[in-house]
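Along the sequence shown, the residues carry numbers beginning at 1.
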Amino acid sequence: MDYSFAPGGTPFDGLLRAFYTRRGNTTLIGATAVRNTLREFISHIDGSATVTKPIQDILLGTHANAQGYLAATMFDNQIGRTGYEVMEDAISGRHTSDTTTPDTTLTSIAIPDTLIGYTTGPIANNFHIKGCNVGRATAFLQKMKEALGDHVNLTAPLHFFGLYQNTAYGVWEFLAYEFKLLSKTAFTDRAALVTAFDNLGLTFYNGDAVPVADIETWVPRNITRAATTPLNLPLGVSIGSRTTIATERQFRYPGPEDYTFTINYPSASQVPSTPADRMTALENGLDSFKYRSSDTVGGFDPAHPYPEYERWGYGSKQDFLDEHDWRFEKSGARLICRGRFHAYTLLVPITDRDPANLGNIIFNFHPNAGSPHAAITTGLVETDTNFFATV
């Protein structure tokens, strides 16, 4: 039996729970006031007399992103949102504050070997994250696998993870490409934005280049605001009377955004005043930046296993600096540095590239209990490297 957990409170988290209750061979464990972290979930199934052990796979459903962040909380009193550092903290026992005595009995999310029946040899059990794009954050996944005890295969989507529910039928899983373009200046010309997307060398899951004609279709006329295009995509099969599902294509542009970095000085008179001096201060500040005061490697140091610039999709600290429009503000004894950027995103449902099935949405289907319709689970398989990462 597989065991699943989706503790969040958003509509997407509700869809995750609907999906898990319909997924074959899967038990959904609900979140409660005393069971709303991954650690508490693992502890619950490990200690429950009603759970037959060893179990098979574990599934965690949560909002996620390509930077390696999860919305789900790993343990009580974790410091900051769930990212690479929280996985390190789960291993080291850091919690509450930098001055609190580390205690792994409060932070560990390691899956007991007895729960999954692991002894020695090849790993047979899986931990599946169902959340958007986090499969791209390899360093984060590797650290999370370590935090989980290193005895499960950890999988996560390489793409936007979508769910569609029709109460008369069940729940469909599907994926969407998330093509993102970061720019230090806003685009005012649609044609220039199309060209910029085309210059990224976008590809479909099978490696085929995305034609510029497709990008032309996906980018709306008005590029100064978000836009949603409803789609009814063919399934390629009939499920009862259904031959399509309703989904959508999205163009996302939230407007200008800022990456904010603050430098503190002993006194207001020491805050640099010229643009050149402020830029130098920023460069030096990034060099000294640490995620935690106890870290021995800086957050922008290439020696860091997952440096800040990489999380934002850049190849170096200098690329990070160059691709933001920096503005500076003095506030007392602080220099506030704001790096302006513009993020343009295309969300496009993934459809089959096989000529025989071209244009059919790739999906899994999980029927309602008692439904006459069979489950379809061959479309999106976690071992398929086109769609999922595994560490």
Using only atom types and a distance under 3.5 Å, with no angle test, would you say the side chain of Thr243 pairs donor to acceptor with the backbone of Ile239? no

Would a distance-only check, ignoring hydrogens and angles, find a side-chain to backbone donor-acceptor pair under 3.5 Å from Trp326 to Leu321? yes

Salt-bridge criterion met for Asp287 and Lys317 (N-O under 4.0 Å): yes

Can you hop from Leu175 to Leu231 via hydrophobic side chains spaced under 4.5 Å? no

Please check: side-chain N/O of Lys130 versus main-chain N/O of Ala6, any donor-acceptor pairing under 3.5 Å? no

For Arg292 and Asp89 the tightest heavy-atom approach is NH1-OD1, 2.7 Å

Given side chains that start at C-beta, do those of Ile215 and Val210 come closer than 4.5 Å, heavy atoms only? yes

Do Ser241 and Tyr169 have side-chain N/O donor and acceptor atoms under 3.5 Å apart? yes

Are Phe300 and His304 close enough that their ring centres sit under 6.0 Å apart? no

Considering all heavy atoms of both residues, which atom of Ile361 and which atom of Pro349 are nearest to each other, and what is their separation? CD1-CB, 4.5 Å

Verify same cluster id: Leu38, Leu28 (apolar side-chain graph, 4.5 Å): no

For this output row, return yes or no: ring centroids of Tyr177 and Phe160 closer than 6.0 angstrom. no

What one should report as the nearest heavy-atom pair of Tyr20 and Gly61 is OH-N, 3.2 Å

Keeping the roles fixed (side chain from Thr21, backbone from Ala18), state whether a donor-acceptor pair exists under 3.5 Å. yes

Lys/Arg-Asp/Glu bridge criterion (N-O < 4.0 Å) met for Glu257, Arg340: no

If you measure only the distance, is there a donor-acceptor pair under 3.5 Å linking the side chains of Arg334 and Ser331? yes

Does one side chain, of Asp113 or His151, offer a donor that lies under 3.5 Å from an acceptor on the other? yes

Derivation and outcome, side-chain contact (heavy atoms from CB on, under 4.5 Å), residues Leu282 and Met279: CA-CA 5 Å; Leu282 171 61; Met279 195 68 198; 4.1 Å; yes

Any side-chain heavy-atom pair from Val86 and Ile79 closer than 4.5 angstrom? no

Is the positively charged end of Arg311 above the ring of Tyr291, judged by distance under 6.0 angstrom from the centroid and angle within 45° of the axis? yes

Donor + acceptor pair across side chains of Thr107, Thr104 (<3.5 Å): no

Can a donor-acceptor pair be found, under 3.5 Å and without considering hydrogens, that links the side chain of Thr155 to the backbone of Glu382? no

Do the charged groups of Asp325 and Lys184 touch, with an N to O distance under 4.0 Å? no

Calculate, to the nearest 0.5 Å, the distance between atoms CG and CG belonging to Leu182 and Leu200 respectively. 9.0 Å

Show your reasoning for whether side-chain contact (heavy atoms from CB on, under 4.5 Å) applies to Cys337 and Thr260. CA-CA 6 Å; Cys337 314; Thr260 302; over 6 Å; no

Phe328 and Leu286: same hydrophobic cluster, using ILVMFWY side-chain contacts below 4.5 Å? yes

SB check Glu173 Arg22 (cutoff 4.0 Å): no

Ring centre gap for Tyr164 and Phe174 strictly below 6.0 Å: no

Roughly how far apart are Ile336 CD1 and Arg278 CZ, rounded to 0.5 Å? 10.5 Å

Which atom of Phe187 lies closest to which atom of Ala196, heavy atoms considered: CZ-CB, 3.6 Å

Approximate separation, where rounding is to 0.5 Å, of Ile55 CD1 and Thr27 OG1: 9.5 Å

Answer with yes or no whether the side chains of Asn364 and Thr377 bring together a donor and an acceptor at under 3.5 Å. no

What are the two closest non-hydrogen atoms of Phe197 and Lys180, and how far apart are they? CE2-C, 4.3 Å

Could you check whether Gln78 and Thr82, counting side-chain N and O atoms only, form a donor-acceptor pair closer than 3.5 Å? yes

Would you say the side-chain atoms of Thr37 and Glu40 include a donor-acceptor pair closer than 3.5 Å? yes

For the pair Thr100 (side chain) and Thr96 (backbone), establish whether a donor and an acceptor sit closer than 3.5 Å, ignoring hydrogens and angles. no

Decide whether Tyr344 and Phe179 are clustered together by the hydrophobic rule: side chain heavy atoms of Ile, Leu, Val, Met, Phe, Trp, Tyr closer than 4.5 Å, transitively. yes

Quick check: closest heavy atoms across Pro7 and Leu60, and the distance to 0.1 Å? CD-CD1, 4.4 Å

Check this for me: does any side-chain nitrogen of one of Lys290 and Glu85 sit under 4.0 Å from a carboxylate oxygen of the other? no

Nearest 0.5 Å, what's the NE2-CG distance between His159 and Leu380? 9.5 Å

Is it the case that Thr10 and Asp13 place a side-chain donor and acceptor less than 3.5 Å from each other? yes

Donor-acceptor pair between Thr185 and His342 side chains, under 3.5 angstrom: no

Check whether the side chains of Tyr259 and Glu308 place a donor and an acceptor atom closer than 3.5 Å, and report yes or no. yes

Are Phe5 and Phe41 near enough that their ring centres are under 6.0 Å apart? yes

Would a distance-only check, ignoring hydrogens and angles, find a side-chain to backbone donor-acceptor pair under 3.5 Å from Tyr306 to Gln67? yes

Going through the checks in order, is the side chain to side chain donor-acceptor pair (under 3.5 Å) test met by Asn222 and Thr224? CA-CA 6 Å; Asn222 186 345; Thr224 64; 2.5 Å; yes

Report yes or no: do Met144 and Val134 belong to one cluster of Ile/Leu/Val/Met/Phe/Trp/Tyr joined by side chain heavy-atom distances under 4.5 Å? yes

Non-hydrogen side-chain atoms of Ser43 and Asp46 separated by less than 4.5 Å: no

Rounded distance [0.5 Å steps], CG in Leu202 versus CG in Leu346: 8.0 Å

Aromatic rings Phe320 and His324: how do their planes relate, parallel, tilted or perpendicular, breaks at 30° and 60°? tilted

Is the distance from the ring center of Trp312 to that of Phe341 below 6.0 Å? yes

One thing to verify: whether Arg94 and Asp103 come together as a salt bridge, which I'm taking to mean a side-chain N less than 4.0 angstrom from a carboxylate O. no

With a 4.5 Å limit on heavy-atom distance, are the side chains of His63 and Phe12 in contact? yes

Distance (rounded to the nearest 0.5 Å) between Ile223 CD1 and Phe251 CZ: 6.0 Å

Does the pair Val212 and Val194 meet the rule for a side-chain contact (heavy atoms from CB on, under 4.5 Å), with working shown? CA-CA 8 Å; Val212 68; Val194 170; 3.9 Å; yes

Is a side-chain donor-acceptor pair under 3.5 Å present for Asn125 with Asp57? no

Does NZ or CZ of Arg39 come closer than 6.0 Å to the centre of the six-membered ring of Phe75, within 45° of the ring's axis? no

Assess the residue pair Asn206 and Asn386 against the criterion (side-chain contact (heavy atoms from CB on, under 4.5 Å)); give the C-alpha distance rounded to whole Å, side-chain angles, the decisive distance to 0.1 Å, and a yes or no. CA-CA 7 Å; Asn206 67 341; Asn386 289 313; 5.5 Å; no

